[in-house]
Structures are given as C-alpha cells and as structure tokens.
Protein chains: 2
Amino acid sequence: MYTMNLKELAAHLGLSQTTVSRALNGYPEVSEQTRRRVSAAAEQHNYRPNTRAKGLATGRSMAIGHVLPMSSSHEMVNPVFGDFIAGAGETYARNGYDMVISLVEDGDQERAYRDLRAKGTVDGIIVHGPKSTDHRIAQLSDLGLPFVVHGRVSSENAPYSWVDVNNRRAFHRATSFLTDLGHTRIALLNGLESMDFAARRRAGYEAGLTDAGLPLDLDLCRSEEMTEQFGYDAANTLMDMPDPATAFLVSSIISAVGVRRAVQERGLALGRDISVITHDDELSYLQNGSDIPQFTATRSSVRYAGAQAAQLLLDKIRNPLSAPMNKLLEAQLVLGQSTGPAAK
Amino acid sequence: MYTMNLKELAAHLGLSQTTVSRALNGYPEVSEQTRRRVSAAAEQHNYRPNTRAKGLATGRSMAIGHVLPMSSSHEMVNPVFGDFIAGAGETYARNGYDMVISLVEDGDQERAYRDLRAKGTVDGIIVHGPKSTDHRIAQLSDLGLPFVVHGRVSSENAPYSWVDVNNRRAFHRATSFLTDLGHTRIALLNGLESMDFAARRRAGYEAGLTDAGLPLDLDLCRSEEMTEQFGYDAANTLMDMPDPATAFLVSSIISAVGVRRAVQERGLALGRDISVITHDDELSYLQNGSDIPQFTATRSSVRYAGAQAAQLLLDKIRNPLSAPMNKLLEAQLVLGQSTGPAAK
DNA sequence: TGCCGCATCCAAAGCGCTTTGAAGTGATTC
DNA sequence: GAATCACTTCAAAGCGCTTTGGATGCGGCA
C-alpha cells in the first residue's frame, strides 16, 4: 500500500510543507479554511507523519520504555506484568505514546539504561521489580531520563517518583487479623526478599507478630519466586512440621492457589482447618472469586497501579522540572472464605 | 548525562562522519587501524547512534510491533502473553530489535495497523489472538507490512506466515485418551470459540467423540474467556447435571485450576472420581507440577512459540520476497495424576 | 498616497544518521 | 617518469519532519 509523505501532500495541495505541517498540528497561523482543506486531504490520503522523522525534528520519541529484569537463572515474566501494562498501555494510547518493552538480564541492566538513553529510543521509562538495594535509581537519576518506579527502593533516600502499594501496612493488618483469630503458627510465603516489596511485606508480618506477642519463627518463613508450585510445596512442608502452621500469609494469589491445592489434597478445608490470606493484585484471569471472595485478601489493583505510574511519568515528561511524585496505594483487606478461628 | 553524537565524535577524532560511521558499521573501506581507533573512542565516550536518525536514514525502525486485541467489554491481557513475549523478546534482543506493544480495541484494529504502517513505527508485526474469520490477515497483506500470526485463521486461504500448535490433533488425542478410559460424559471447557485456536480444539474434541461413537452433547460444551472462575463455575454446573460429566477437557491450565477447586471442594479426587486433561502452555508461574505432572495435559511451550514467531518475522524482514513460512508445533500428551478410568 | 499591522503563507535550515560519488595518497607497473 | 591501481578518506545529499525568519498581500488609518 502506498503511503504519502508531507512533501507529496503539500505538493498535492499546492501548499508549502510548513503550512501543511502547521495546519495539522493546530498552529494558529493558518486560516480555518485551509486547515479544513488540509485536514480533509490528509484524511483522504491516509497521511500519518513518520514517527522517526517527527521524532528527529522534535527530539522526542513519543515512546515509553518498560525495563523488565530477568535473572538469567529463572527467566520469568511475572504475570502481574500483563495487567500492569494493560493499565499503563491505556494511558499511553490516550496520549499518543507507544510502549516499548525491554527484557534485560540482571547483569546488563546498567548498560540497558545507558543505551536507551543514548539511542534516544524512549522519552521515559518505567522501572519494574525494584530491589531493596537497587543502584538503578541513582543511575537513572544521573542519566537524566525521566522515570517512575513500580514499587520503591528502601536503600534510596534521594527523592524519585514511584507508585507503590502500602505493602507493610497491608501485611501488618493481615497478620493482626490472623492473630486476632487465635492463630499462633502463621507462615509467610513471600516473594524473593531481595525484592523491595517482599521485604516490606516481611516487615509488616513481623510487626503483626510483635503486636500479638508472638515470636518470629524463621522456619515459618519462605521466600521464593511466587509460582503455584512454590505455594504447594511450601504449604506441604509447613503442614508437616511437628508444630505445623495453621495459617498462611501469601504474597501472590498464584502461590495461594498452590496452598489451596495442598490443603485440599489432604482433605482439609480452607477457612476451617487452615486459614489463608493472600495478596490479590486483581489479575484479570485469576480473580479472587466472583461474588464472595474465595480468599481473604489484601487487595490492590495492579492494573490501576499501571495506569497511575504511566500518568505520573507522562506528567514528568511534560514538566521535567517538577519535583518527584509518589503515589502510595492502600490495599483493602477483604474478607473471604479462607480464614477462620484457629482450631483449639 | 552528556551524550555524544556522530558529528562530535568525528570532530574529536579528526575524521569525517563518513569514516566514523563506516568504521562502526563494519564496512571494509576503512583501515583496521582507524577502525580500532574509532571503536575505542566510541566505547570511551559511550557513543550510541541515535535510533531515530539511523532509522530515518536507513528507512528501518529496528522494532517489532505486537498488537493485542482487547474487546472493550473485557479488557484482559491473556497470561500466556507474558511467556510469549519472553520468548520473542529474547530473539529480538539478540538481533538488535526493540519490541513495541499496542493494546488495541477490537473496533480500532484496522486503523491501528494503518497507523503502524504509515507512521513507520515498526518493521513488522506479530498478530495475536486471531479469530476463525479475521480480516486482519488480508488487510495486513495489502499493507505490505511483514507479519507473522501467532495462531491461524481458518477463513483465510491465501498463504501467510504463522506459528501455531496443532490444536486439533492435540484435543483429538486427548479426547480419545479419555474415551479409551471409558469416559462417555466428557465436558469441553473451551476458550471463546470465535477464536481460531478454540474452534480447532473443538473440532478435535468432536472428532474424538465421533471415533468413539459418542454423541456430541452441547450441554457439555462451554466456551468463555479462560479464567479460573470460569473453570470453577462450569465444573460445578456440569457436575450437578442429572447425567453429570465425569471428565473435563480444558483449554487452559488456569481454568483447570478452577475445575480442580470445584472438584476438591466436593471432597472428590482428581484422577479417581473426575478426570481432567488440560492444555498446558508451560507458563512459568503456573507450571504443571514439578516431577510428576499434576494434570494430564497437552503440552506445548508458548515461550518457544514466541521465539519461533519472532525468528520467522525477522527472516521475513531480512528477505521480504521469501514465501510465507509456517511452523506447526505438535503438543505432547503428557500423563499426569488427573486422569483415570471412568467409575462404573 | 503612504505607512503600518495583521493574517497567511513560504523557503530554507536543521535534527543525526547513511550513502553516493569523488578525491587524495602511495605503491606498482610499463 | 607517467599512468594505473588499490586503499583510505571525505564532502555533500538525502531520509521526512518541525521551526525560524522572512515574504506577500490586504485593509485601515492618518
């Protein structure tokens, strides 16, 4: 299919490129009449300005980069990512931005950011999977490339933009809820605790135990990639202990599904024999029940977080001198069918 | 951080832009000595050619577009997408390509492709979620933009490039496996049957029934977005029928998890009271057991499919005149713990 | 009549790169 | 010594757009 460019369109209209460009970009120094004529012709010939040429001229790429760390050992794309970009993508689309995804190995992170910056591929980036100690923040600040972090970095005390869930409070509340129900053997099935979010959840969990005067038992704490299999295996191990867990606090609904499998396989019932609270990102394909939530959960839409992060980033790009902005989302504690009083 | 451009680098070296450009791009008409000198300087100053400028000059964008249809009713990003792009992304990275994602509403599809083409954002695209009847193929062929389909389009008889799983055969075999075990009430929990892959699975299922001389009972066939909740609800309904299903053939491990939940909630056991076979895309976060597969399954790595599709597309871009290429992946039928002989 | 201001429009430069066509330099050949 | 050649290097054009700094024409005003 043939595609017209500005020069040809201008020639076709008997106008200069300048005028056509201005007409299409809504500049005032062009009469309403010609603007309409230009618009009509552009529409008819299906003219779209070439992104690269436009970008070269304006110095902006109208694209946002998402950098996903993948440790070379287990190259997984977290399922919450899908819903996150669904939210972000909608915001981008509304504002005429494209979304480019980079899957980067842990070692190459630094280079990846430099490249993105030097090559000018994107106008800003969203940082995924921040760790408790993460040099990327400092590095990105140096680079002068606008960015927003999905999550936070505890080690970083200079200000930067982020969108995060109040993970600590969520898990604190969840733990307290379980201790109030009389549970004393509460297991924590957490994500990798090098990840910032997981460390915060851990802290919330510990605070909850402390509130109830319960000791921290490291045997009850597991920390791994949050797969279904992890939930299953960990639950089995923990229920087989001499002094077994009676409640599980789980970092992802995916692992919670694994816990449920282990529980049900033993002929036990969730909410009666074993209590489970999970964090629920409101994944579209793995919803927590329809009417009554299946799991009691700390709920926070990751899709919404994506939309928010995208918006913050676009604002930052529009106004580069603005101070870093933060958004702390509170998770709801929703009551489901997976929790109940501890057996006597 | 300061970034150098070609002009400055050339000036710094006391060479022309031509020579520097050629040195860096490996052209022969430059002496080894100067090439080394140039490379060293480029490395030292962290020079990366600007993507947009390079693209403008070469006419290529070094980016691949992934277009995800999202019906406006339920805007879901399929979880298999994550693993697919993990596979594709690796191939792109190795070849210096970027990956840009477009989330497009069903109505805007046509326009989205025109735009992508006219704006020159990408050199080729991967088409996701093809339907049995899908005009996008014809349209893309018209556009002259290289593309590869993840899946196929039954309505299309002109050749085009695709990567697909042999869904029909996989579900045929799975059905036969169940009938061989003596099951006569086999339910099909399928994806939306407007989707091509789902239609093919349906056909395989029907062929399997026919082979065994079993009638097609439409009450046993469900077709929806493949969520966990769908599996749960459908399983409950089908087990409550007067002449209930004793086996389930499920299109996604996510829905299979829902089926399992329904089964276990009733105190029934998978593989003994109820048989389940699911399709298993080998999702990294939802693996089908570790040593012994939990579910008997038709298995095919969607991550691998992503890598293959990407490779086909890059080949096509490199050699635009080549004939369309296809890759039909055979699913393995792996035996797990979720199937057993029908109860007498 | 002459001048100014306003509303429109335009030519040309520039964004950072690749690539064409040509030129400079020795070394080699007759 | 001139002509040829291979090897390096370069100046400049061009990719498709935006934007600067004029031009042009017209009515209004003194």
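Below, chain A is the first sequence line, B the second, and so on; all start at residue 1.
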Counting the benzene-type ring for Trp, do B:Y47 and B:H12 have ring centres under 6.0 Å apart?
no
Pairs: protein N or O with nucleotides 22-28 of chain D N or O, under 3.5 Å:
none

Taking side-chain hydrogen bond (donor to acceptor under 3.5 Å, both in side chains) as the test, write out the residues that go with B:R22, two or more places apart.
none
For a 4.5 angstrom cut-off between non-hydrogen side-chain atoms, does A:P69 reach A:R136?
yes
Any donor-acceptor N/O pair, B:S161 side chain to B:M325 backbone, under 3.5 Å
yes
Would one find a side-chain N or O of B:S16 under 4.0 angstrom from OP1 or OP2 of D:dC10?
yes
As an exercise, state the distance from NE2 of B:H66 to OH of B:Y92, rounded to the nearest 0.5 Å.
3.0 Å
Between A:Y160 and A:F147, how do the two ring planes meet: parallel, tilted or perpendicular, split at 30° and 60°?
parallel
Using a 4.0 Å heavy-atom cut-off across all strands, classify B:T18 as base, sugar-phosphate, or nothing.
base
Strictly distance-based, threshold 3.5 Å: is any side-chain N or O of A:R52 a donor or acceptor partner for the main-chain N or O of B:R52?
no
Heavy-atom check, side chain of A:D134 versus side chain of A:Q109, under 4.5 Å
no
DNA chain D: 5'-proximal contact among B:L56 and B:L15 (nearest heavy atom):
B:L15
Within the side chain of B:T51, is there an N or O that forms a donor-acceptor pair under 3.5 Å with the backbone of A:G120?
no
Under the side-chain hydrogen bond (donor to acceptor under 3.5 Å, both in side chains) test, which residues partner A:Q44, sequence neighbours left out?
none
Reading DNA chain C from 5' to 3', where do the contacts with chain B start and stop? Cut-off is 4.0 Å to heavy atoms.
C:dG16 to C:dG21
Please check: side-chain N/O of A:D83 versus main-chain N/O of A:R303, any donor-acceptor pairing under 3.5 Å?
no
With the side chain counted from C-beta on, respond yes when A:V122 and A:I64 share a heavy-atom pair under 4.5 Å apart, and no when they do not.
no
For DNA chain C, what residues of residues 24-36 of chain B have any heavy atom nearer than 4.0 Å?
B:N25, B:Y27
For the pair made of CZ in A:R60 and C1' in D:dT19, what is the distance, rounded to whole Å?
15 Å
Pairwise 5' ranking along DNA chain D for A:A57 and B:T58, keeping only the more 5' one
B:T58
Could you tell me, to 10°, how much the axis swings from one end of the helix from C:dT1-D:dA30 to C:dC30-D:dG1 to the other, five pairs per end?
70°
Find out whether B:I317 and B:R60 are in side-chain contact, i.e. whether some heavy atom of one side chain is under 4.5 Å from a heavy atom of the other.
yes
